[in-house]
Amino acid sequence: MVLRMPDLFSENFDRFLAQKAPLAARMRPRRLQDLVGQEEIIGPGRLLRRAIEADKLSSVIFYGPPGSGKTTLAQIIAGTTKSSFREISAVTAGIADIREILKEAKEKIRLYSRRTVLFIDEIHRFNKSQQDALLPAVEQGLIILIGATTENPYFEVNGALLSRSRIFHLQPLSSDSIMELLRRALTDKERGLGNYKVNADEEALRHLADTSNGDARNAYNALELAVLTTPADEEGCLYITLEIAGESIQAKGLAYDKGGDWHYDIISAFIKSMRGSDPDAALHWLARMIEAGEKPEFIARRIVICAAEDVGLADPQALVIAMAAAEAARFVGWPEARIPLAEAVIYISCAPKSNSAYLAIDRAAAEVRDLPLDGVPGHLQDASYRGAKQLGHGQGYLYPHDHPGHYINQQYLPDNLQGHVYYQPSKNGREEAIGQRLAKIRAFFDQKYKP
């Protein structure tokens, strides 16, 4: 019988890593209940959580930005599954590594009836032949594949592999979620910074959370840098201020509280500058929000609203550009998102203005709320379903395309609202032409229409 002596060097190496690894690695959650964020896919009762807890996971691909929890989820699975767990990175692994792992997986099934969970980080970096090498093993159930990628898997992963995997889209962590993680790190004495006497200002932590762009690793790294480089006072206490937080994450700590007055004041100034046709001021407020770590989705929504509410039909292209900028910002993310957002802000600021559509829908809505509502006139009712024609639905309807100008004088409003006007076009930009055409149509109705 051969007695195996403990590998003291390996134990010492593991102990060193546990103590000296970056804070983000030390604080990585080990259990599902310790996860923060991603409730939509891993919250209680969700499919992925049930599969992990029951150890019934099938092949999956985790798609999301850096620091959103892809590797954390994989390692939690490693700690809970009864299957063998192997982990490789597509940056360093090649086809030979894949074949060796698949060979081992076959042996484990043959000898122990035990499957292998294979986690491939940055799977999008595998070329087609490397991805194809995985297909038979995934299809046969020889391995359970967990792929992690920051790139859209529908573009970067083979369709055949995608069809055999379930995709889970992880979102950037919210600022509140990152705040919770930072507070945990400051109080955890075993793996975090709890053995330091740290007094961190709330605005400093909020700045780290806001400017980390949903990346927990980024926030952890900045917090650790702040703590390790800040000198202690006479009592050994470390004070982390907004200025120190800004230096640590390399982003200036601006006065911009997402839940307070500065947040609402700056977004108000931003919108009013676009409405007031001042592109320079609008760009200033846009830059303030970007540098303070505001989410591109929040900014884009305000730009879209301004395009519809304040430019409107004076230049309908403004809304098209605003929506395109919003989609482009979502697609590329920071820092490049600043460019399409700036383009939309400049266009909207310089565009002719009209709030006629905004006023029109509010007038109509007010009457819907306040006045009695008659039914749909019979000739406008749907006549397509069975028995509708026998009930007289649609009878007498005049098809506008059969008439000169492609419009015809007939009743469209309910009986008690005949003659009510909601839309009053301005004379700005393209809306002037819209108003001229509408005036011609309304005059035609006024001359011929007999209620």
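Side chains included, hydrogens not; waters and symmetry mates left out as well; all remaining heavy atoms used.
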Undergrad: From L73 CG over to R28 CZ, what is the distance, rounded to the nearest 0.5 angstrom?
TA: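 If I round to the nearest 0.5 Å, the distance is 10.5 Å.
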Undergrad: Would you find more than 12 non-hydrogen atoms of other residues, nucleotides or ligands less than 6.0 Å from Y423 atom OH?
TA: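 Buried by this count: over 12 neighbours within 6.0 Å.
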Undergrad: Please name the pair of heavy atoms, one in A342 and one in L286, separated by the smallest distance, quoted to 0.1 Å.
TA: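 Where A342 meets L286 most closely, the heavy atoms are CA-CD2, 3.8 Å.
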Undergrad: Taking NZ, NE, NH1 and NH2 as the nitrogens, is one of them in R338 or E343 under 4.0 Å from a carboxylate oxygen of the other?
TA: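 Salt bridge between R338 and E343, a charged N being under 4.0 Å from a carboxylate O: no.
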Undergrad: Rounded to the nearest 0.5 Å, how far apart are CG of L225 and CD1 of I244?
TA: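 Reported to 0.5 Å precision, the distance equals 10.5 Å.
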Undergrad: What's the shortest heavy-atom distance between S277 and K353, and which atoms?
TA: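 The pair with the smallest heavy-atom distance is OG-NZ, 3.0 Å.
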Undergrad: Report the C-alpha distance between S175 and D210 in whole Å, list the side-chain angles of each, state the deciding distance to 0.1 Å, and finish with yes or no for side chain to side chain donor-acceptor pair (under 3.5 Å).
TA: CA-CA 5 Å; S175 292; D210 288 347; 2.8 Å; yes
Undergrad: Identify the heavy atoms of T150 and P65 that sit nearest to each other, and give their distance.
TA: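 For T150 versus P65, the nearest heavy atoms are CG2-C, 4.3 Å.
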Undergrad: Does some side-chain heavy atom of L223 sit less than 4.5 Å from a side-chain heavy atom of L186?
TA: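 The answer is yes; the side chains approach within 4.5 Å.
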Undergrad: Shortest non-hydrogen contact from A282 to S273?
TA: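 The pair with the smallest heavy-atom distance is N-CB, 3.6 Å.
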Undergrad: Sequence neighbours left out, what pairs pass ring pair (Phe, Tyr, Trp, His ring centres under 6.0 Å) with at least one residue falling in residues 159-180?
TA: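 Listed by first then second residue: Y63-H169.
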Undergrad: Can you measure from CG (L182) to OG (S212) and round to the nearest 0.5 angstrom?
TA: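 Those atoms lie 7.5 Å apart.
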Undergrad: Give, for atom CZ of F126 and atom OG1 of T149, the distance between the pair rounded to the nearest 0.5 Å.
TA: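 Those atoms lie 12.0 Å apart.
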Undergrad: What I want to check is whether the side chains of T81 and D55 have a donor and an acceptor closer together than 3.5 Å.
TA: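 Yes, side-chain donor-acceptor contact under 3.5 Å.
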Undergrad: Do R184 and E180 sit within salt-bridge range, that is, some charged N less than 4.0 Å from a carboxylate O?
TA: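 A salt bridge links R184 with E180.
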Undergrad: Less than 4.5 Å apart, any side-chain heavy atom of I123 and any of L145?
TA: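 I123 vs L145: side chains touch.
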Undergrad: Can a donor-acceptor pair be found, under 3.5 Å and without considering hydrogens, that links the side chain of Q38 to the backbone of L170?
TA: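 Answer holds: no.
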Undergrad: First locate atom CD1 of I305, then atom OH of Y358, and finally report the distance between them rounded to the nearest 0.5 Å.
TA: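 These two atoms lie 11.0 Å from each other.
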Undergrad: Within the supplied structure, the quantity of interest is the number of heavy atoms (other residues, nucleotides, ligands) at a distance under 6.0 Å from Q317 CD; does it exceed 12?
TA: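 Yes, the 6.0 Å shell around CD holds more than 12 heavy atoms from other groups.
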Undergrad: Is any side-chain N of the basic residue among D188 and R183 closer than 4.0 Å to the acidic one's carboxylate O?
TA: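 Looking at D188 and R183, the cut-off is not met.
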Undergrad: Working note: L118 + I146, criterion side-chain contact (heavy atoms from CB on, under 4.5 Å); need CA distance, chi angles, decisive distance, verdict.
TA: CA-CA 6 Å; L118 174 59; I146 302 176; over 6 Å; no
Undergrad: If you take all heavy atoms of R26 and G192, which pair is closest and at what distance?
TA: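 Answer, listing the atom of R26 first, then G192: NH2-O, 3.6 Å.
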Undergrad: Start with the C-alpha gap between D176 and R206, add the side-chain angles, then the distance that decides, and say whether salt bridge (Lys or Arg N to Asp or Glu O under 4.0 Å) holds.
TA: CA-CA 8 Å; D176 288 341; R206 178 59 67 181; 3.1 Å; yes
Undergrad: Indicate whether the side chain of S89 and that of T92 have a donor and an acceptor atom separated by less than 3.5 Å.
TA: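 There is no such pair between these side chains.
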Undergrad: Hey, are the side chains of E87 and Q75 touching, using non-hydrogen atoms and a 4.5 Å cut-off?
TA: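 With C-beta onward as the side chain, the pair touches.
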Undergrad: To the nearest 0.5 Å, what is the distance between CD on E243 and CG on D201?
TA: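 Those atoms lie 11.5 Å apart.
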